[in-house]
Structure formats: structure tokens, C-alpha cells
Novice: 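One structure coming up, written as C-alpha cells, with questions to follow.
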Amino acid sequence: MRFLNDFPAVFMSTTAVVEVIIQPNKEAASALVARMVANDLKANPHLVLGLATGATMELVYRRLARMHKEDKLDFSLCTTFNLDEYVGVAPSDPHSYRHYMERHLFQHVNVDPRNTHLPNGTAADLDAECRNYEALIQRFGGIDLQLLGIGKAGHIGFNEPLSALRSRTRVKALTPTTIKQNSPLFGSEDKVPRRAITMGVGTILDCRRCVLLATGETKAEILAKSVEGPITSMISATALQLHPRCTVVVDEPAASLLTEKDYYRWIFQNEPEWEGYR
Ligand code: GLP
């Protein structure tokens, strides 16, 4: 268990901004996110790392697996917490997010399986499972770095439209948009679970650092609304504007509808924090 004053100053620093980093393509964007994770892990081997699923994250995990293999990036002391899991899908089911994580990351690095956490979507008492998940995150001192993707309806985790900005881990019904978006993995829409356990928007806002990765043209519209639009519970990603240390990494196609691209590029070129990433 850790307490706030155990954290070195570097982990307490808050730049109080949302920053947008635009990379030429999804490979470069994913590589940058993987480097951010690797650098935080090297600085703090006991990192509490928040993980996300989805096609966007696959390249990041592939990079991290390669860094482990080739550069001995060490995951042995880190702890992970995933954002969400489908209700009614067992961890061993190939459609579960537990299975996704095993396949894309856990199998390929030296993380201790006992230190990897996802909500259990088959728990007999789902509300108790949600409360316990929150308590477990607290027991590990909170999440240092949370990776996030974004759904087409603007969700982070499975925080569907009208998720309260202070919500905690709970069961959420999935919207038709999300069911449709995630249906390719299940074969058809009617096979997609109707509910999921997800960290709440408030849970995510409590993470010390958030990194959202969005790639591809299909994310351009929702990304622009999330970063430059008004904060609304209709689009849970807009809540990240309230976060003291959030970095949004995008490729050119996903950035195409942002109006302040030149400003974001200028910040990335001139902010000393990004020197090692340029
Ligand atoms: C799912 C996950 C989200 C993820 C989203 C995006 O809905 N629950 O956490 O951000 O998918 O997925 P993709 O990267 O496949 O677009």
C-alpha cells in the first residue's frame, strides 16, 4: 500500500493542461504512447498502470512487448488495472477483455499475473464486484498512468452518453452505437453483451495521468468534440478537459477536424517535456 506523500515530486507534478500531440500516422502515434509508458515504468518500476482495450491499443501493446523482448523493459513490479469488462463473459472466453489483454500484452511481457486486474463480469454480485474494484485501486495507491481509447459515441471505458462526470466503477448498459462498433469481434450484433462493468468517469479523473490515443478518420469528429467542444456527460471523453494532466495522442486522420492544430504543434515543438519525444 502506498500513500500520497510516498510519491516522488515528479509523479506529483501537475501541468494542469490537456495537450494534443499530432503524429503523422497510427504507427508513430502508437510508438509515442508506448514510449510514454516505458519511460514512466523505468522511472517508477512499481507503476500502477491503467490499461484499455480496443483495436487502437493493439499497436501500443505490440510495441511494449517488443521493448520487453529487445530492451528488457521490466514489468515485473508493476500493477495493472483495466478500464472495463463485459458482463456475463468469463475471463477464459476469447471475447473477454481479460483474454484480449493476455493475447496482446500479458503473455508477451514479464508482468506478474497476480498483479493484473480486470473487473470480473461473471461475479455473482456485480455491485459488490464494482465496489471491490474501486477499493482495490485505492489499496494500490491509485492509478499513475491510465491509457484510454475513445469509442465512436465518445465514451472512455464504457462510460456511455449521460455517464455522470463523478461516476465510479459500475455496471453500464451499452448503447446501440457501441454494440455495433464492437460487433465484428463477436460475429454479429446480437452476440454482443448488453452490459459491461466500467471504471466511472470520476474514477478515470482520479488517475494521476491520462493518455488518450485516437487514430483513424472515423475518430476525427468525436475527437474534435471531445477536445475542443463543451464539457458534457453526453460525451464522457470531454470530462478529460477537467483532468490536470491529460495527453491526447492522435494521428493526422484523427486530428483532421481539430481547429487548433497549429497551436498543438507549436506546444509539442516548444514544451521541454516533449523534447525526448520529438
Ligand atoms: C471499447 C472499449 C473502450 C475503447 C473503445 C475503442 O468500447 N471499452 O475502452 O476505447 O472500445 O475501440 P477501438 O480502439 O477498437 O476503436
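Start at 1 and go down the list; that is how both ligands and their atoms are numbered.
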Novice: Ring-plane angle category for Phe158 and Tyr86, please: parallel below 30°, perpendicular beyond 60°, tilted otherwise.
Specialist: tilted
Novice: Look at ligand 1 and say whether Lys152 reaches it with a heavy atom at a distance under 4.0 Å.
Specialist: no
Novice: Taking 4.0 angstrom as the limit and counting only heavy atoms of Asn182, give me the atoms of ligand 1 inside it, by number and element.
Specialist: 1 (C), 7 (O)
Novice: With a 4.0 Å cut-off on N to O distance, would you call Arg209 and Glu273 a salt bridge?
Specialist: yes
Novice: Note the single closest protein heavy atom to atom 14 (O) of ligand 1, along with its residue, its atom name and the distance in Å.
Specialist: Thr56 OG1, 2.4 Å
Novice: Starting from atom 1 (C) of ligand 1, locate the nearest protein heavy atom and write down its residue, its atom name and how far away it is, to 0.1 Å.
Specialist: Tyr97 OH, 3.5 Å
Novice: Looking at Ala128, is its backbone amide N or carbonyl O close enough to the side chain of Tyr133 to form a donor-acceptor pair, meaning the two atoms are under 3.5 Å apart?
Specialist: no
Novice: May I ask you to identify the nearest protein heavy atom to atom 6 (C) of ligand 1, giving residue, atom name and distance to one decimal place in Å?
Specialist: Ile150 O, 3.5 Å
Novice: Mind checking what makes ring pair (Phe, Tyr, Trp, His ring centres under 6.0 Å) contact with Tyr264, not counting sequence neighbours?
Specialist: none
Novice: Go through it in stages, so that I can follow the logic: the residues are Trp274 and Gln269, the test is side-chain hydrogen bond (donor to acceptor under 3.5 Å, both in side chains), and I'd like the CA-CA distance, side-chain angles, deciding distance and then a yes or no.
Specialist: CA-CA 7 Å; Trp274 301 116; Gln269 286 310 320; over 6 Å; no
Novice: Looking only at heavy atoms, is any part of Ala55 under 4.0 Å from ligand 1, and if so is it the side chain, the backbone, or both, or is it neither?
Specialist: both
Novice: Under the salt bridge (Lys or Arg N to Asp or Glu O under 4.0 Å) test against Arg265, which residue among Glu260, Glu271, Glu252 passes?
Specialist: Glu252
Novice: Could you check atom 7 (O) of ligand 1 against the protein and tell me its nearest heavy-atom contact, residue, atom and distance included?
Specialist: His155 NE2, 2.9 Å
Novice: Looking only at protein heavy atoms, which one is nearest to atom 10 (O) of ligand 1, and how far off is it?
Specialist: Gly149 C, 3.1 Å
Novice: Need the ligand 1 atom indices (1-based, order shown) with element for anything under 4.0 Å from a heavy-atom of Phe158.
Specialist: 7 (O), 8 (N)
Novice: Under 4.5 Å between any side-chain heavy atoms of Met36 and Thr247, yes or no?
Specialist: yes
Novice: Starting from atom 4 (C) of ligand 1, what is the nearest protein heavy atom, named by residue and atom, and what distance separates them?
Specialist: Thr53 O, 3.8 Å
Novice: Who's the nearest protein heavy-atom neighbour of atom 16 (O) of ligand 1, and how far?
Specialist: Lys219 NZ, 2.6 Å
Novice: Under 3.5 Å, side chain of Gln146 to main-chain N/O of Ile204, donor-acceptor pair present?
Specialist: no
Novice: Give a yes or no on whether a salt bridge exists between Glu160 and Lys152, defined as a side-chain N under 4.0 angstrom from a carboxylate O.
Specialist: no
Novice: Hey, is Met57 one of the residues with a heavy atom under 4.0 angstrom from ligand 1?
Specialist: no
Novice: Starting from atom 8 (N) of ligand 1, locate the nearest protein heavy atom and write down its residue, its atom name and how far away it is, to 0.1 Å.
Specialist: Asp84 OD2, 2.8 Å
Novice: Heavy atom of Gly157 under 4.0 Å from ligand 1?
Specialist: yes
